[in-house]
Engineer: 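Sharing a structure, written as structure tokens. Questions coming.
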Amino acid sequence: MSNQLSERINNLVPSATLEMAAKARELRASGKDIIGLSLGEPDFNTPDYIKDAAIQAIKDGYNSYTPVDGYVELKDAISTKFKRDNGISYERPQIVVSTGAKQALYNVAQACLNKGDEVILPCPYWVSYSDIVKLSEGVPVEVTTSIENDFKMTPEQLEAAITPKTKMLWYSSPCNPSGSIYSKEELRGLADVLQKHPQIVVVSDEIYEHINYGVTAHASMAAFDDMYDRTVTVNGVAKAFAMTGWRIGYIGAPSYIARACNKLQGQVTSGANCIAQRAVITALLESPTRVQYMVDQFKNRRKLILELLNNIEGFKCNEPEGAFYVYPDVTAFFGRTLNGKTINNASDFAMYLLEEANVATVTGDAFGNGNSIRISYAASEEDIKKAISRIAEAVK
Ligand code: PMP
Ligand code: GLU
């Protein structure tokens with residue numbers, strides 16, 4: 001039988017982060033000693049007080065379908081969190097709980113985009129943004145930033161990218177993959193441009209909010225009164241609470257967008273997992289200081305990996321202020337032949353590191369910027385040291 005797949009799925013590229021992680025797993029299973037620095041996944045265990053809440057929920061008989069947009073107790077906990085951490089007031093009808101921040105983003109794209117609508121994505125952007133936009137028949141419009149400007153989009157660049165077809169702007173701050181954080185003033189600069197274009201809806205992905213190394217305070221677009229009505233704030237528990245596999249993310253949004261996401265979810269998933277939702281109530285209502293020990297360790301690892309990478313000729317690093325990735329510019333290696341292999345671009349370089357150094361990273365092409373590779377330092381100090389010394393050896 002011929003291939004009966006849809007054009008939509010044939011045009012979709014696999015997630016580069018998940019694909020690299022799968023490749024590393026495969027190589028490991030075949031006996032290779034691969035160090036995985038490709039996946040943005042904390043290597044910590046979910047804290048016990050959160051696990052206990054899940055165990056209690058099972059014992060208490062939470063096993064039925066939940067409301068499609070989440071338990072009201074969870075929506076209230078999310079509302080409390082938004083007020084406490086971000087100074088944003090979201091009421092129950094403005095909140096939707098989803099199966100990870102990824103599904104939350106997909107819902108919003110499906111809810112807001114018509115065929116041909118343009119979505120501005122400052123590059124580098126998180127790997128799935130452009131494909132989620134394309135799946136929703138939107139058109140990603142990439143705005144190139146540079147390491148010199150700490151990978152941040154300026155108000156002038158935003159203004160220049162806007163056309164009559166622009167429907168949305170999506171960004172993450174702290175940024176995956178660059179670790180850059182937009183200050184309140186910088187966000188205000190972007191908001192001032194957006195004031196002239198009231199049709200544009202902003203998606204502010206704040207999933208790395210708590211993984212902040214104290215240089216630039218976290219700021220939220222929706223906290224500006226004049227942006228509140230057209231900003232969707234996306235967040236989740238995967239990163240700060242080491243809960244990637246629990247699959248809970250959420251949005252605070254204008255209620256018409258939240259209603260649309262709820263309707264979509266009602267036809268697609270019926271809502272997120274009940275036990276995970278109960279555990280997240282505890283995660284969010286407890287003080288974020290309870291997970292600070294992980295942030296402290298990420299900060300030590302950041303220092304370590306930057307010192308080690310800056311010692312390798314050809315690696316040019318920015319200093320990430322949040323998240324747990326470095327995004328070094330590796331253009332110095334392009335056009336060179338190492339151990340008989342010619343490196344033409346970031347994908348070749350990432351593949352070279354996998355094959356020659358047994359270290360998994362992700363090509364910058366996946367994030368809309370082909371000058372860099374992304375290295376996750378959500379790994380033990382021992383693995384970081386071993387991995388970077390192998391890389392140094394392989395690129396000598
Ligand atoms: N946004 C960003 C910026 C991310 O790095 C990730 C990675 N997990 C997500 C969203 C998706 O998060 P989740 O695991 O909650 O789906
Ligand atoms: N967000 C993580 C990353 O960028 C997890 C993988 C994924 O969801 O794509 O590596």
Side-chain angles (χ1 to χ4, degrees), residues 12-25 36-43 46 70 74 78 96-109 121-133 135 151 169-182 203-212 218 220 232-251 261 265 269 272-273 276-277 279-280 283-284 298 320-327 350 360-369 372-379:
L12 183 69
V13 300
S15 158
T17 47
L18 298 184
E19 205 176 36
M20 197 58 158
K23 200 170 275 169
R25 236 177 263 136
L37 302 184
S38 57
L39 201 58
E41 168 155 74
D43 56 326
T46 304
L74 176 52
I78 291 168
V96 179
V97 179
S98 300
T99 303
K102 203 177 241 177
Q103 194 206 359
L105 289 159
Y106 180 75
N107 285 347
V108 173
L121 304 178
C123 296
Y125 49 75
W126 179 49
V127 59
S128 293
Y129 288 176
S130 61
D131 285 286
I132 289 176
V133 166
L135 260 184
F151 295 115
L169 159 67
W170 286 30
Y171 67 88
S172 62
S173 178
C175 173
N176 177 2
S178 69
S180 308
I181 297 179
Y182 284 93
V203 169
S204 172
D205 181 346
E206 305 182 13
I207 196 165
Y208 293 95
E209 164 186 17
H210 295 302
I211 304 173
N212 179 317
H218 183 78
S220 298
V232 179
T233 309
V234 177
N235 212 320
V237 291
K239 313 294 169 175
F241 300 93
M243 294 179 76
T244 48
W246 296 66
R247 310 305 304 128
I248 299 289
Y250 54 88
I251 57 165
C261 294
Q265 238 173 230
T269 64
N273 174 283
Q277 286 194 47
V280 171
L284 296 181
F298 288 136
E321 295 187 355
F324 33 60
Y325 310 101
V326 269
Y327 199 63
T361 60
V362 186
T363 171
D365 293 306
F367 307 93
N369 166 318
S372 295
I373 58 166
R374 190 191 76 173
I375 308 178
S376 162
Y377 53 90

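Counting starts at 1 for both ligands and their atoms, following the listed order.
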Engineer: Which of the numbered atoms in ligand 2 are below 4.0 angstrom from a heavy atom of W126?
Structural biologist: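 Those qualifying, in numeric order: 1 (N), 3 (C), 4 (O), 7 (C), 8 (O), 9 (O).
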Engineer: Nearest 0.5 Å, please: how far is CG in N212 from OG in S173?
Structural biologist: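 With rounding to 0.5 Å, OG (S173) is 8.5 Å from CG (N212).
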Engineer: Return the CD to OG1 distance between E19 and T363, rounded to the nearest 0.5 Å.
Structural biologist: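 With rounding to 0.5 Å, CD (E19) is 11.5 Å from OG1 (T363).
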Engineer: Are the side chain of Q277 and the backbone N or O of G70 linked by a donor-acceptor pair below 3.5 Å?
Structural biologist: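 Between the backbone of G70 and the side chain of Q277 there is no qualifying donor-acceptor contact (under 3.5 Å).
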Engineer: Compare every heavy atom of N176 with every heavy atom of W126, then report the nearest pair and how far apart it is.
Structural biologist: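 Nearest heavy atoms, W126 then N176: CD1-ND2, 3.0 Å.
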Engineer: Where on L18 is there a heavy atom closer than 4.0 Å to ligand 2, on the side chain, on the backbone, on both, or on neither?
Structural biologist: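 Looking at L18 and ligand 2, just side chain atoms fall under 4.0 Å.
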Engineer: Given Y125 and F367, is the ring-ring contact (aromatic ring centres under 6.0 Å, His included) satisfied, shown in steps?
Structural biologist: CA-CA 5 Å; Y125 49 75; F367 307 93; 7.8 Å; no
Engineer: What is the minimum heavy-atom distance between P124 and C175, and which atoms define it?
Structural biologist: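 What the structure gives for the nearest pair is O-SG, 3.7 Å.
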Engineer: Between atom CD1 of I248 and atom CG of N273, what is the distance when rounded to the nearest 0.5 Å?
Structural biologist: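 The distance works out to 6.0 Å.
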Engineer: Looking only at heavy atoms, is any part of N176 under 4.0 Å from ligand 2, and if so is it the side chain, the backbone, or both, or is it neither?
Structural biologist: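 Looking at N176 and ligand 2, just side chain atoms fall under 4.0 Å.
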Engineer: Could you tell me which atoms of ligand 1, counted from 1 in the order shown, lie closer than 4.0 angstrom to a heavy atom of A238?
Structural biologist: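 Close to A238: 14 (O), 15 (O).
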Engineer: State if K102 counts as touching ligand 2 under the rule of any non-hydrogen atom under 4.0 Å.
Structural biologist: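 K102: in contact with ligand 2 (<4.0 Å).
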Engineer: Any idea how F298 and Y377 line up, ring-wise: parallel (<30°), tilted (30 to 60°), or perpendicular (>60°)?
Structural biologist: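 Perpendicular: the ring planes of F298 and Y377 meet at over 60°.
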Engineer: Report, in ascending order of atom number, the atoms of ligand 1 lying under 4.0 Å from any heavy atom of G100.
Structural biologist: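 Checking each atom against G100, I get 15 (O), 16 (O).
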Engineer: Could you check whether any heavy atom of E41 sits closer than 4.0 Å to an atom of ligand 1, since that is the contact criterion I want to use?
Structural biologist: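 No, E41 has no heavy atom closer than 4.0 Å to ligand 1.
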Engineer: To check your reading of the model: name the closest protein heavy atom to atom 1 (N) of ligand 2, its residue, and the distance in Å.
Structural biologist: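 Result for atom 1 (N) of ligand 2: K239 NZ, 3.2 Å.
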Engineer: Looking only at non-hydrogen atoms, find the nearest pair between Y325 and K239 and report the distance.
Structural biologist: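 Y325 and K239 have their closest heavy atoms at OH-NZ, 4.1 Å.
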Engineer: Going by heavy atoms, is T244 under 4.0 Å from ligand 1?
Structural biologist: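 Flag not set, T244 not near ligand 1.
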Engineer: What about T99: any of its N or O atoms under 3.5 Å from an N or O on ligand 1?
Structural biologist: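 T99 vs ligand 1: no N/O contact under 3.5 Å.
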Engineer: Is ligand 1 less than 4.0 angstrom away from at least one heavy atom of G236?
Structural biologist: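 It does not, in that no heavy atom of G236 comes within the 4.0 Å cut-off of ligand 1.
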Engineer: Show me which atoms of ligand 2 lie under 4.0 Å from any heavy atom of L39.
Structural biologist: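 Reading through ligand 2 atom by atom, the close ones are 5 (C), 6 (C), 10 (O).
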Engineer: Out of W246, W170, W126, whose heavy atom sits nearest atom 6 (C) of ligand 1?
Structural biologist: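 Shortest heavy-atom distance from atom 6 (C) of ligand 1: W126.
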Engineer: At a 4.0 Å threshold, what atoms of ligand 2 neighbour a non-hydrogen atom of S15?
Structural biologist: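 Counting from 1, the qualifying ligand atoms are 9 (O).
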Engineer: Do S220 and E206 pair up side chain to side chain, a donor and an acceptor below 3.5 Å, judged on atom types alone?
Structural biologist: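 Yes - a donor-acceptor pair under 3.5 Å links their side chains.
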Engineer: Return yes or no for this condition: an N or O of A101 is under 3.5 Å from an N or O of ligand 1.
Structural biologist: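 Yes, since at least one N or O of A101 sits under 3.5 Å from an N or O of ligand 1.
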Engineer: Taking both backbone and side-chain atoms of T17, is any N or O found less than 3.5 Å from an N or O belonging to ligand 2?
Structural biologist: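 Yes - when backbone and side-chain N and O of T17 are compared with those of ligand 2, one distance drops under 3.5 Å.
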Engineer: Decide whether an N or O pair under 3.5 Å exists between Y325 and ligand 1.
Structural biologist: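 N/O-N/O distance below 3.5 Å does not exist for this pair.
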Engineer: Report the part of Q103 in contact with ligand 1, treating N, CA, C, O as backbone and CB onward as side chain, heavy atoms under 4.0 Å; options are side chain, backbone, both, neither.
Structural biologist: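 Neither part.
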Engineer: So, for M243 and V280, which heavy atoms are closest and what is the spacing to 0.1 Å?
Structural biologist: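 Nearest heavy atoms, M243 then V280: CE-CG2, 4.0 Å.
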Engineer: So is there a nitrogen or oxygen of G40 less than 3.5 Å from a nitrogen or oxygen in ligand 2?
Structural biologist: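 The answer is yes, given that G40 and ligand 2 share an N or O pair closer than 3.5 Å.
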Engineer: Could you list which atoms of ligand 1 come closer than 4.0 Å to a heavy atom of N176?
Structural biologist: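 It comes down to these atoms of ligand 1: 3 (C), 4 (C), 5 (O).
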Engineer: Measure F367 to ligand 2 on non-hydrogen atoms and call it side chain, backbone, both or neither using the 4.0 Å cut-off.
Structural biologist: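 Neither part.
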Engineer: Output the distance between atom OG (S15) and atom CE (M20), rounded to the nearest 0.5 Å.
Structural biologist: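 Reported value, rounded in 0.5 Å steps: 12.0 Å.
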Engineer: Near Y208, which atoms of ligand 1 are under 4.0 Å from a heavy atom of that residue?
Structural biologist: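 Listed by number with element: 3 (C), 4 (C), 5 (O).
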Engineer: Is the closest heavy atom of S128 to ligand 2 under 4.0 Å?
Structural biologist: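 S128: no contact with ligand 2 (<4.0 Å).
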Engineer: Identify, for atom 12 (O) of ligand 1, the protein heavy atom at the shortest distance, and state residue, atom and that distance.
Structural biologist: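 Answer, as residue, atom name and distance: I207 CD1, 3.4 Å.
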Engineer: Can you tell me how far apart CG (N235) and CG (D205) are? Round to the nearest 0.5 Å.
Structural biologist: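 Going from the CG atom of N235 to the CG atom of D205 covers 7.5 Å.
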Engineer: Heavy atoms only, cut-off 4.0 Å: how does R374 contact ligand 2, side chain, backbone, both, or neither?
Structural biologist: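 The part of R374 near ligand 2 is the side chain, not the backbone.
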Engineer: Answer yes or no: does an N/O atom from R247 fall short of 3.5 Å to an N/O atom of ligand 1?
Structural biologist: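 Such a contact does occur with ligand 1.
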Engineer: So which heavy atom in the protein is nearest atom 3 (C) of ligand 1, and how far is it from that ligand atom?
Structural biologist: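 The protein heavy atom lying closest is D205 OD2, 3.3 Å.
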Engineer: Between K239, K102, E206, which one has a non-hydrogen atom sitting closest to atom 8 (N) of ligand 1?
Structural biologist: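 Heavy atom nearest to atom 8 (N) of ligand 1 belongs to K239.
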Engineer: Is there any N or O on Y129 that sits under 3.5 Å from an N or O of ligand 1?
Structural biologist: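 Between Y129 and ligand 1, no N or O pair is found under 3.5 Å apart.
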Engineer: What pair of heavy atoms forms the shortest contact from S178 to Y327, and how long is it?
Structural biologist: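 Heavy atoms only, the tightest pair is CA-CB, 4.0 Å.
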Engineer: For V97, does its backbone N or O pair with a side-chain atom of Q265 as donor and acceptor, under 3.5 Å?
Structural biologist: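 Yes; judged by distance alone, with no hydrogens or angles, the pair exists.
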Engineer: Work out which heavy atom in A350 is nearest to a heavy atom in T361; give both atom names and the distance.
Structural biologist: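 Scanning both residues completely, I find the closest heavy atoms to be CB-OG1, 3.7 Å.
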Engineer: Would you say the ring centroid of Y171 lies under 6.0 angstrom from that of Y182?
Structural biologist: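 Yes; Y182 has its ring centre under 6.0 Å from that of Y171.
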